[in-house]
Amino acid sequence: MFQQFIVQPIFNLLVFIYAILPGHNFGAAIIIFTVVVRLLMWPLVKKQLHHAKAMRELQPELKRIKKETKGDRQKESQLVMELYKERQVSPFGSIGILIVQLIILIGLYSGLNHVIKNPQAIIDRSYDWIKDLSWLKQLGSDISQFDASLFGLMDISRPAVGPNGWYIPALLLVIGSAAIQYFQSAQLMPQSKDARKLRQILKEASSGKQADQSEVNAAIGRSTRYFIPFMILIFTVSLPSALSLYWLVSGLVAYLQQSKVLKQDEQELEAIADASVKKEVIEGEIIEKPKSKKKKTSTKTKRRKT
């Protein structure tokens, strides 16, 4: 079922792009495929980014609840769940897009693995209507025309480290994919001068001081900036560089998408702030006007009395 409903559609979308692309470059097809997938995921990405922002804004409220409950875990959990319900925020709201990305990556790896082992898989594993495309027919008669390169500059079927030793172009892709993942994660992390490292928090906890769970979660979140890129570096260095190409392009597009959403949020906050300032000014003027009239009437009455 996974092959039929996940791997096959992902693989055939890639092959379709490759077949209709002028020049029929497989590396270019992966780039376009990645951009198309990220654009299709845009509504989900936007929702995830707004959710991440909402979770960050809840941190002061969570700290206040922890302080008020004074160690009563049951009451703390109840108040936290009420807060989530009130703000319409789910603590697991970001998992959806991670699962989708993982499914796409596994599906793409499975499809690419077949092509790298045997280029004939492009023909054998394609849908019938894709096989009828002119380039696929031409490729079916002579599979040697298949070019597994990125614009002729590098062989994307080779890993960075393999039986033939180090392959520098692929290694640069791996390093680039890990680096963009770091910047992508750091872009969403709130910056705080008072933030403490996880090691320091755990050291104090071992000495008997109770650790603040929200502070621990924030420290763990900051640690993932380094952990995830490191894991990408370790796992992709021995895989075909086509996957590193996908991960690099996906990270670049995701970084641009995040920048757009964060900029929109910043503009919205500025608009709200400007609106509140104008409201305060207008309310101040309305309050001052009755006062001035009252003073005039009081002076008139005083003159009449005199």
Side-chain angles (χ1 to χ4, degrees), residues 7 10-41 101 104-123 125-126 130 133-184 228-257 259:
V7 176
I10 291 173
F11 178 76
N12 277 272
L13 175 60
L14 175 60
V15 173
F16 174 72
I17 294 171
Y18 166 69
I20 65 172
L21 188 68
H24 309 292
N25 183 262
F26 199 59
I30 291 176
I31 293 174
I32 295 172
F33 166 84
T34 308
V35 174
V36 169
V37 168
R38 291 299 308 189
L39 291 177
L40 291 174
M41 290 171 60
Q101 287 178 337
I104 292 172
L105 187 65
I106 294 172
L108 183 64
Y109 169 73
S110 179
L112 289 175
N113 200 35
H114 289 295
V115 174
I116 289 162
K117 288 180 179 178
N118 180 18
Q120 184 64 34
I122 289 182
I123 309 299
R125 301 179 68 87
S126 296
I130 293 180
L133 297 173
S134 59
W135 175 248
L136 264 291
K137 287 181 178 179
Q138 185 176 340
L139 201 63
S141 60
D142 183 12
I143 198 63
S144 64
Q145 295 183 68
F146 174 70
D147 179 21
S149 73
L150 176 62
F151 305 119
L153 300 174
M154 63 173 291
D155 183 0
I156 57 175
S157 66
R158 288 184 60 183
V161 180
N164 298 324
W166 292 87
Y167 186 46
I168 301 302
L171 183 62
L172 294 176
L173 277 183
V174 172
I175 294 171
S177 61
I180 193 61
Q181 182 63 45
Y182 168 81
F183 289 114
Q184 185 185 341
I228 295 176
F230 176 75
M231 295 304 292
I232 290 172
L233 194 68
I234 295 299
F235 283 115
T236 60
V237 73
S238 59
L239 296 177
S241 53
L243 285 173
S244 297
L245 177 62
Y246 165 79
W247 204 285
L248 174 61
V249 177
S250 181
L252 287 169
V253 177
Y255 186 85
L256 294 174
Q257 288 177 329
S259 300

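Residue Ile31 is tested with Leu252, Leu248, Leu150 for a side-chain contact (heavy atoms from CB on, under 4.5 Å); the sole match is Leu150.
Counting all heavy atoms, side chain and backbone alike, Leu133 lies closest to Ala19 at CD1-CB, 3.7 Å. Closest approach of Val7 to Gly111, counting heavy atoms only: CG1-N, 4.2 Å.
A donor-acceptor pair is defined here as one N or O able to donate and one able to accept, closer than 3.5 Å; such a pair exists between the side chain of Ser177 and the backbone of Val174. The backbone N or O of Arg38 lies less than 3.5 Å from a partner atom in the side chain of Gln257, making a donor-acceptor pair. In terms of modelled atom types and a separation under 3.5 Å, the side chain of Ser241 and the main chain of Ile156 share a donor-acceptor contact.
One distance of note links CD1 of Ile10 with CG of Asn12; it measures 10.5 Å at 0.5 Å rounding. One finds the CD1 atom of Ile168 at 12.0 Å from the CG atom of Leu173 (value rounded to the nearest 0.5 Å). To the nearest 0.5 Å, atom CE of residue Met154 and atom CG of residue Leu171 are 10.0 Å apart. Atoms CD1 and CD1, on Ile180 and Ile175 in that order, are 14.5 Å from each other to the nearest 0.5 Å. Separation of atoms OG1 (Thr34) and CG (Leu245) is listed at 6.5 Å; rounding is to 0.5 Å. Rounding to the nearest 0.5 Å gives a distance of 10.0 Å between CD of Gln184 and CG of Leu256.
Applying the side-chain hydrogen bond (donor to acceptor under 3.5 Å, both in side chains) rule to Ser144 yields the partners Asp142; only residues at least two apart in sequence or on another chain are considered. Here His24 pairs with Trp135 under the ring-ring contact (aromatic ring centres under 6.0 Å, His included) rule; sequence neighbours left out. Scored by the ring-ring contact (aromatic ring centres under 6.0 Å, His included) test, Tyr167 finds no partners at all (sequence neighbours excluded). For Asn25, the side-chain contact (heavy atoms from CB on, under 4.5 Å) partners two or more places apart in sequence, or in a different chain, are Ala28, Asp147, Ser149, Phe151. Listed by chain and residue number, Tyr18, Phe26, Val115, Pro119, Ile122, Leu139, Ala148 satisfy the side-chain contact (heavy atoms from CB on, under 4.5 Å) test with Phe146 (two or more places apart in sequence, or in another chain). Applying the ring-ring contact (aromatic ring centres under 6.0 Å, His included) test to Phe16 and every residue at least two apart in sequence or in another chain returns Trp129. Applying the side-chain hydrogen bond (donor to acceptor under 3.5 Å, both in side chains) criterion to Tyr246, with sequence neighbours excluded, gives no partner residue. In this structure, the side-chain contact (heavy atoms from CB on, under 4.5 Å) partners of Leu239, at least two apart in sequence or on a different chain, are Tyr109, Leu243. By the side-chain contact (heavy atoms from CB on, under 4.5 Å) test, Ser238 pairs with no residue at all, sequence neighbours left out. The side-chain hydrogen bond (donor to acceptor under 3.5 Å, both in side chains) check on Trp166 picks up nothing, with sequence neighbours excluded.
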Evaluation steps, side chain to side chain contact (heavy atoms under 4.5 Å, CB included), between Leu136 and Val15: CA-CA 9 Å; Leu136 264 291; Val15 173; 4.2 Å; yes
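Applying the side-chain hydrogen bond (donor to acceptor under 3.5 Å, both in side chains) test to residues at least two apart or on different chains, the pairs with a partner in residues 154-164 are Asp155-Ser157.
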